[in-house]
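Some notes on the structure that comes next.
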Amino acid sequence: MRPEPYELGPADLRRLAAASEPAGTVVIQRPCADAAGLGGPSPSLAASEVVLSPCAGDRGLGVGAETAAAAAGHLDCPLDGDVIERLVAVTGGRPGVIDSVLRAACLRGGGGLGECVMRASGLAELVASVTVSLLRDADPSRLQALALAARLGYAHEDLSALRPALREPDKEPWWEPLTGGWYRMLPFWSTALCALRPARSPGFRRRLALLAGELVGAHAVREAVELSRRADDPGLLAELLAETDVEDEPAVTTDGDATGRDAAGGDAAVGGAAGGDAAGGGARRGEWEAWGRARAALVMGRLGEALQHGRRARDLASGREPAARGRNALRLIRRTMRARSARKRMVLLLQAVEATTWPHPATAPPQAANASSAISGPAGKPPGHAIPGRAAAPEPGGPRAASRPVAGQQGGRAEVEAWLLGTFRVRVGGRAVVEWSGKLGRSVLMYLLLSHPKPIRRDVVLDAIWPGVPENAARNRLNATVHALRADLRKVCPGRQVVVYERETYALAPDLSIWLDIEEFTEGCATAARLRPEDGDGHEAAIARHEAARALYSGDLLEDAPYLDWVVPERERLSAAHVDLLNGLAALYLEAGAHAKCVDTCRQVLARDSCREQTHRLLMRCHARQNQPHKALAQYETCRRELDAVLGMTPSPETHALYESVRRHLTV
């Protein structure tokens, strides 16, 4: 068993082990687990034996591209090899997420999941993109049922309140079929679905009450009580506690301890000197427990409670590195609370869950005296842990001042600034790196920057930079290249270690503040697409947002490295985002009556995608409104020729109808 930290506490584990077959062995693995805290074999377990084994988490169980490709071939999955490799890279090899995406793509015939994989920049964005894509046309009853199932963890057709959530369970990645018609919702997807916000509607409350009643009728009173607590409905919780014999047990944290009481029934010693611990160790344990409670609240979508526990943990933090990571976690929680769109909320919620995952104080190594001195980086930092917040985005000529201080920054400027759009440039400590020992060192640094903040396994770096080279030879080349790269970076910033190696992975030092133009550009595109003129800002503000994002795109990704194969997927994604941004800007120019700018922007789009009918229609309307119908008709002919030559297609009915309207001198 590898349960999620918030799924099972000590009592649940003992009940489950006791229900197993006689003379059986139950192996329970928990990330950063404290075996003593989970409880060991006891007379209540009958003949069963329980083995408690900490594990490294999903990253320690990751699979490679070859294994994922073999699984896809076994399933007859329609996703091609590039998509599968990207899926492994984005998920960090997490088998559960990879398997669920492959099965969903197989049953849906692709269904747009391949595009979601190629455009995702990280695991959280992938899960959010797939979830939003599959639920784009979902009705309110289905969203309500899914939100409840995410908090319950299971669903069955006999539970009428959850029936809308099981309309196509075999074609959705978040369901795992069990026996007897039951379905289990996979934990990572359930966390994303908890970002849905139907709880404010009366329909959701009625459905919640119906589900609680069905659970009570099925003798699952404890589950009904826990569901009402997770759904944040104190009224229903009070009714259930008054009408049943179940006591109001404290919520379970990531280490299985109660949030409000300790094992003896007294108040939890968050400040932590009780039990003989030293003051420092007790505070460290109290901080870890508070983050555990924050994470348990996050996975259930209870953001206010998570923020409260996070602030408590921040007050208990000691040392620069824990305090910086705590500020980053709180920042993500607050951004999640302010997010308006479901997709953005899912991405931030999943990132916040990762950021609040802390190593157990009993298993974490002692903190290093100098966080930047060792190759392994800050002591006690698990792989994939979120980093301190980044600086505000600099302009191409130099970074502008940050709007708020960020850990590791000097004077409002990020310690590492990298421009990957157009010609590759990088600054460390405010000084540009201009001397390189060779192209391979630059390539390794580019690869790490594109993958930031996710650590990259050494074998993945070898396959990308030295494909086809024997492993031993490639490993020697990598060691020499990284040594030369570090020497190049030390020339401009002698006191900092930029590239670190830890647990078979390479990454940028987690205590560095890093600014990337591609992240700033992606965020600008998302903001421009999300906020439209009808939101109240007007055309001028909308155009200004589009222009600001457009200014960041100084060229295609790594134009001075055109032959690197591993750059192509991300280069195409950013190029497509740039074209979408220009098309939206042209539409805004047309609505604002700036016809000359509209024509110029449309021609820039068509220079990159000559078959984009939407842009051809924009240009036709622009010419017609300038009282130049002959140019509009000529543009239609250009569109027809391009579609026929490139795609062997004819213009769509919408484009042809616009052509007829222009030809008849109608208003368009």
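Closest non-hydrogen pair, Leu421 versus Ser554, comes out as O-OG, 2.8 Å. Shown here for Ala149 and Trp175, the closest heavy-atom pair between the two residues is CB-CH2, 3.7 Å. Heavy atoms only, all atoms of each residue included: Ala147 and Phe204 are closest at CB-CE1, 4.1 Å. What you find for Ile84 and Ala65 is that their closest heavy atoms are CG2-O, 4.4 Å. The two residues Asp560 and Gly422 come nearest to each other via the heavy atoms OD1-O, 3.9 Å. Closest non-hydrogen pair, Leu330 versus Gly310, comes out as CD2-C, 3.5 Å.
Only one option out of Val101, Asp82, Val97 pairs with Leu87 in a side chain to side chain contact (heavy atoms under 4.5 Å, CB included); it is Val101. None of Met620, Gln628, Arg621 except one satisfies the side chain to side chain contact (heavy atoms under 4.5 Å, CB included) rule with Gln635; the exception is Met620. For the pairing with Leu557, the side chain to side chain contact (heavy atoms under 4.5 Å, CB included) check across Glu570, Arg573, His578 returns one residue only, Glu570.
Glu613 contributes atom CD, which lies 12.5 Å from atom CZ of Arg640 (distance to the nearest 0.5 angstrom). Residue Leu134 holds its CG atom at 7.5 Å from SG of Cys116, rounded to the nearest 0.5 Å. Rounding to the nearest 0.5 Å gives a distance of 8.5 Å between CD1 of Ile514 and CD of Glu519. Rounding to the nearest 0.5 Å places OG1 of Thr522 at 11.0 Å from CZ of Arg119. To the nearest 0.5 Å, atoms NE2 (His616) and CG (Leu618) are separated by 11.0 Å. Atom CZ of Phe424 sits about 7.0 Å away from atom CG of Leu558, to the nearest 0.5 Å.
Aromatic ring pairs are classed by plane angle as parallel below 30°, tilted from 30° to 60° and perpendicular above 60°; the pair Tyr659 and Tyr636 is parallel.
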Item to check | side-chain contact (heavy atoms from CB on, under 4.5 Å) assessment of Glu660 paired with Leu666 | outcome: CA-CA 9 Å; Glu660 290 294 335; Leu666 301 177; over 6 Å; no
Next on the checklist: The test is side-chain contact (heavy atoms from CB on, under 4.5 Å); show your working for Glu637 and Leu633 and say whether it passes.
Outcome noted: CA-CA 7 Å; Glu637 291 299 326; Leu633 298 178; over 6 Å; no
Checklist entry - Going through the checks in order, is the side-chain contact (heavy atoms from CB on, under 4.5 Å) test met by Arg427 and Val492? => result CA-CA 8 Å; Arg427 289 179 181 171; Val492 297; over 6 Å; no
Next on the checklist: Assess the residue pair Trp566 and Met446 against the criterion (side-chain contact (heavy atoms from CB on, under 4.5 Å)); give the C-alpha distance rounded to whole Å, side-chain angles, the decisive distance to 0.1 Å, and a yes or no.
Outcome noted: CA-CA 10 Å; Trp566 46 267; Met446 293 172 184; 3.9 Å; yes
Next on the checklist: Quick one, Asp511 with Arg496, criterion salt bridge (Lys or Arg N to Asp or Glu O under 4.0 Å). Give me CA distance, side-chain angles, the key distance, then yes/no.
Outcome noted: CA-CA 10 Å; Asp511 58 335; Arg496 299 295 285 158; 3.5 Å; yes
Checklist entry - Between Arg608 and Ser575, is a side-chain hydrogen bond (donor to acceptor under 3.5 Å, both in side chains) present by the stated rule, with each step listed? => result CA-CA 9 Å; Arg608 287 179 168 267; Ser575 178; 3.1 Å; yes
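Using a 4.0 Å cut-off between charged side-chain N and carboxylate O, Asp580 and Arg612 make a salt bridge.
Although no hydrogens or angles enter the test, the distance criterion places a donor-acceptor pair under 3.5 Å between the side chain of Ser513 and the main chain of Glu415. Here the side chain of Lys597 pairs no donor or acceptor atom with the backbone of Leu585 at under 3.5 angstrom. Remark: side-chain polar atoms of Asp556 are not paired, donor with acceptor, to backbone N or O of Arg571 under 3.5 angstrom. Judged by distance alone, the side chain of Arg625 and the main-chain N or O of Gly593 form no donor-acceptor pair under 3.5 Å.
The side-chain heavy atoms of Asp139 and Pro164, taken from C-beta on, include no pair separated by under 4.5 Å. When side chains are defined from C-beta on, Leu581 does not count as touching Tyr553, because their heavy atoms never get closer than 4.5 Å. Between Thr601 and Arg550, the closest side-chain pair of non-hydrogen atoms falls below 4.5 Å. Using a 4.5 Å cut-off on side-chain heavy atoms (C-beta onward), Val579 and Leu582 make no contact. Using a 4.5 Å cut-off on side-chain heavy atoms (C-beta onward), Leu590 and His595 make contact. Side-chain contact between Val499 and Val444 is absent, with no heavy-atom pair separated by less than 4.5 Å. Residues Ser652 and Arg617 have side chains in contact (heavy-atom distance under 4.5 Å, counting atoms from C-beta outward). Inter-residue side-chain proximity for Leu143 and Leu193 is flagged as unmet; no heavy-atom pair is nearer than 4.5 Å.
Side-chain contact annotation: Asn583 with Thr615, donor-acceptor N/O pair under 3.5 Å present. Counting only N and O atoms by type, the side chains of Trp189 and Ser100 include a donor and acceptor under 3.5 Å apart.
Enclosure of atom CG in Asn627 is not indicated, since only 12 or fewer non-hydrogen atoms of other residues, nucleotides or ligands lie within 6.0 angstrom.
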